[in-house]
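Inspection log for the structure reproduced underneath, given as structure tokens.
Just so we're on the same page: letters track the sequence lines, and every chain starts at 1. Computed over heavy atoms, backbone and side chain alike; hydrogens, waters and symmetry mates excluded. The structure displayed is predicted, hence computed values, not measured ones.
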Number of protein chains: 2
Amino acid sequence: MTQRPSSGARRPTLRDVARVAGVHPATASRALNAHTRDVVHADTVRRVEEAARALDYRPDQLARSLKTGRSGTIGVVLPDLTNPVFPPIVRGIEDGLVPAGYVPLIGNTDTDEEREQLVLDRLQGRQVDGIIVATAKRHHPRLLEIASAGVPVVLVNRVIDGNRLPSVSVNDASGILAVVDHLVGLGHRRIAHVAGPQDLSTGFGRYAGYRSGLESAGLDMDPDLVVFADSFSEAAGFRGATELLRRARPLSAIIAANDMLALGCLRALAGVGLSCPRDVSVVGFNDMPFVDRVSPALTTVRLPHYEVGTHAATLVLERIADPTGPVKALFLTPELVARDSTAPPPGLRRLGAGRTASTRRHSRVGAASTLPAEDAD
Amino acid sequence: MTQRPSSGARRPTLRDVARVAGVHPATASRALNAHTRDVVHADTVRRVEEAARALDYRPDQLARSLKTGRSGTIGVVLPDLTNPVFPPIVRGIEDGLVPAGYVPLIGNTDTDEEREQLVLDRLQGRQVDGIIVATAKRHHPRLLEIASAGVPVVLVNRVIDGNRLPSVSVNDASGILAVVDHLVGLGHRRIAHVAGPQDLSTGFGRYAGYRSGLESAGLDMDPDLVVFADSFSEAAGFRGATELLRRARPLSAIIAANDMLALGCLRALAGVGLSCPRDVSVVGFNDMPFVDRVSPALTTVRLPHYEVGTHAATLVLERIADPTGPVKALFLTPELVARDSTAPPPGLRRLGAGRTASTRRHSRVGAASTLPAEDAD
DNA sequence: CATCTCCTTGCAATCGTTGGCGGGGTAGAG
DNA sequence: CTCTACCCCGCCAACGATTGCAAGGAGATG
């Protein structure tokens, strides 16, 4: 008594194909399946294929999944898709997954614990064969739980403490180290840091990079030069930079823990009439689409977004194939991209002051969204 | 002989819950289902719920879908997710769908016919309950085919000729009309147009708006002032503007059919040493995230991305509920956002030349991607 | 010519859930 | 006390596909 949509005949099933081809459904199934095709006679295969084509038959993935136990879907958990770092990552994931017959199922958490639980519940309910997570916190029991229930979990961008889950990310500390070197090379000595949330590996690692960068440059750490942002958002960056300026210590450069924060810093500087890079240099992290188009074009640390996605896809597929294999943590090398937001500090502005070769590539066009995009990293 | 992932027990099924609760699986099903819960004794419901909680039972959506004929998924077909207009739309779609128990299944076509066919095949194979399409061309037989096979199809942003499918878009022509008014009000008379592909309703409608705008302003149409871009990409915008400048007619403003094209135009102007808006004004369309952050901040036509998404979700849900209802074509009103890329033409630059109140809102941070983002609209 | 073997195909069970149908038990009314 | 009615619940079948098992047939070999 299945009420089919009134319009037209119902979708053809495997039985229909079998009937037309004059064979048993099981035979039709085998004929259509690349893996089992060689068990059935070539002529029969042809007949079945013809019938399938004639009927415009499309196997029902749901039924297949139910039987095989594989849904062919991979959950992708993001803070917020409208944050510009994620689309390229998601594209990478999709492009890596689709050839293997999988499709991504995306869920946004808006950095809300509760919403994340709901998203994960939803994904598990839909029997995803694996989950790629961009919202991992350093301590994240639920993810470990899911993983130990047998569902492959792969982290992107962020890792969890202990590295017990496969992951694709960049070495945050070394990225920031390069930034400190760059700034010190330009002559900066009072370098501030708008740090990201410390419960995220990115915020934590970049702060660590900042400290060791200062140390190896022989600069000492002034607590007044560090503020902690509560999220990776432009608003938090604005607040952070404002606070730094309020403390009124001399300060010639700000390293923001990511591009969003950096944009907030730029806005804060402009708000009090300071010019970047003339008065204060600003550096971000991520090389999000479009930060090369804002003014001043942002000096930042480039992270290969798309490749992060494709690698994550590969990792999750590997893990599906062999759930007991070794846990791989893949670290891609970040790369400093010097643009126009960094320059020698005010005191040192003389002719030919050192400027590292700028690595301008990729010019892309993008634009901002309608929702608050928080918490990129 | 089902080979379960070695680690731990297999996922609990409804039968397990039923066994623990001491009832028949069917009863457990009814007890857990809000719709049928009232047929079951309250105590039994409680017992079943307890058992479900104890076992951490999660209904298998796949099995449910197979039985009920609804997959709970909606296909979303895009040109390219890394194009900044889409993330907000997708967020809108997701947010509109999830409360109703549906999830979006995203597919990118890269504006390639063949890939689009594959994406659609994939979606149909996964038994999506509806499809939201952002890649519609004015003539698009496959979509009509799918729709008449009983699958609700909703168009976003673009429509097809004849409006035979439900859609959410903006009135392209009236948006451009407002742009022409704005420019004419500033004193421009030689207004060029980098038109979008004419096989897309957006490109077509905006070109039409351009022509009627000139007409109602009493300006005559000079064919030399119009070039047709082959895609909605920055590269095409660059080529278009270059060509316009080569024709060397005097020209004081360029209306690009969308923001991507406009960014290409800006680049082309900069390339030949022309300043925007001093020498040439440039206008885009879409108000993509971030075009308020490039320099000069782009004057454009704002399109409520997120709302387009939520409305599309609503429309597709309506159509699932009543597939035979009337076909709704929803047109949201676009709104001119005057920023810094438009100013009076060179000849007219005098004090206090009229500048419409600028509608700066939303400042968002975004960034470009690693893939060529083509064909936004 | 008989028997063995291999290739091809059919049969039936199953994945986890839902929905129609009918039966047993209890309570209320006559 | 009996009949009717109603409430709950169990049984069976089915959604559409896959897969182990076994049987049928044809060809090869002794």
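- For A/Ser29, a side-chain nitrogen or oxygen approaches OP1 or OP2 of D/dT18 to under 4.0 Å.
- The CZ-P distance, from A/Arg15 to D/dT18, rounds to 13 Å in whole Å.
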Next item on the list: Dump the intermediate steps for salt bridge (Lys or Arg N to Asp or Glu O under 4.0 Å) on B/Arg158 and B/Asp199, then the final yes or no.
Entry: CA-CA 11 Å; B/Arg158 303 173 180 176; B/Asp199 56 343; over 6 Å; no
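- For A/Arg46 and C/dT8, the CZ to P distance is 13 Å, given to the nearest whole Å.
- For the pair B/Arg58 (side chain) and B/Arg11 (backbone), a donor-acceptor distance under 3.5 Å is absent.
- Regarding A/Gln61, its CD atom lies at a distance of 15 Å from the P atom of D/dG16, rounded to whole Å.
- Remark: A/Asp129 CG to A/Leu317 CG distance equals 10.0 Å, nearest 0.5 Å.
- Between the CG atom of A/Asn33 and the C1' atom of D/dT19 there is a distance of 11 Å, rounded to whole Å.
- Taking atom CG of residue A/Leu14 and atom C1' of nucleotide C/dG10, one finds them 14 Å apart after rounding to whole Å.
- By the 4.5 Å heavy-atom criterion applied to side chains, A/Val316 and A/Tyr102 are not counted as neighbours.
- For B/Arg64, the listed nucleotide lying nearest its side chain is C/dT18; candidates were C/dT18, D/dA17, C/dG16.
- Rounded to a whole Å, the CG atom of B/Asp60 is 8 Å from the C1' atom of C/dC15.
- Counting heavy-atom neighbours within 6.0 Å of B/Arg164 CZ, excluding the residue itself, gives a total of 12 or less.
- In this structure, A/His35 atom NE2 and D/dG20 atom P are separated by 10 Å, rounded to whole Å.
- The closest side-chain donor-acceptor pair between A/Gln127 and A/Ser65, if any, does not fall under 3.5 angstrom.
- Contacts of B/Thr13 with the nucleic acid, taken as non-hydrogen atoms under 4.0 Å apart, involve only primed sugar atoms and P, OP1 or OP2.
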Distances under 3.5 Å only, N/O to N/O: pair up the protein atoms with those of nucleotides 7-13 of chain D.
| residue | atom | partner | partner atom | Å |
| --- | --- | --- | --- | --- |
| D/dC9 | OP1 | B/Thr44 | OG1 | 2.3 |
| D/dC9 | OP2 | B/His41 | N | 2.6 |
| D/dC9 | OP2 | B/Thr44 | OG1 | 3.3 |
| D/dG10 | OP2 | B/His24 | N | 2.9 |
| D/dG10 | OP2 | B/Thr27 | OG1 | 2.6 |
| D/dG10 | N7 | B/Arg30 | NH2 | 3.0 |
| D/dG10 | O6 | B/Arg30 | NH1 | 3.4 |
| D/dG10 | O6 | B/Arg30 | NH2 | 2.9 |

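- Comparing C/dT17, D/dT18, D/dC15 by their closest approach to the side chain of B/Leu66 singles out D/dC15.
- Distance check: B/Ile106 CD1 to A/Ile106 CD1 gives 3.5 Å after rounding to the nearest 0.5 Å.
- The separation between B/Leu62 atom CG and C/dC15 atom P is 15 Å, rounded to whole Å.
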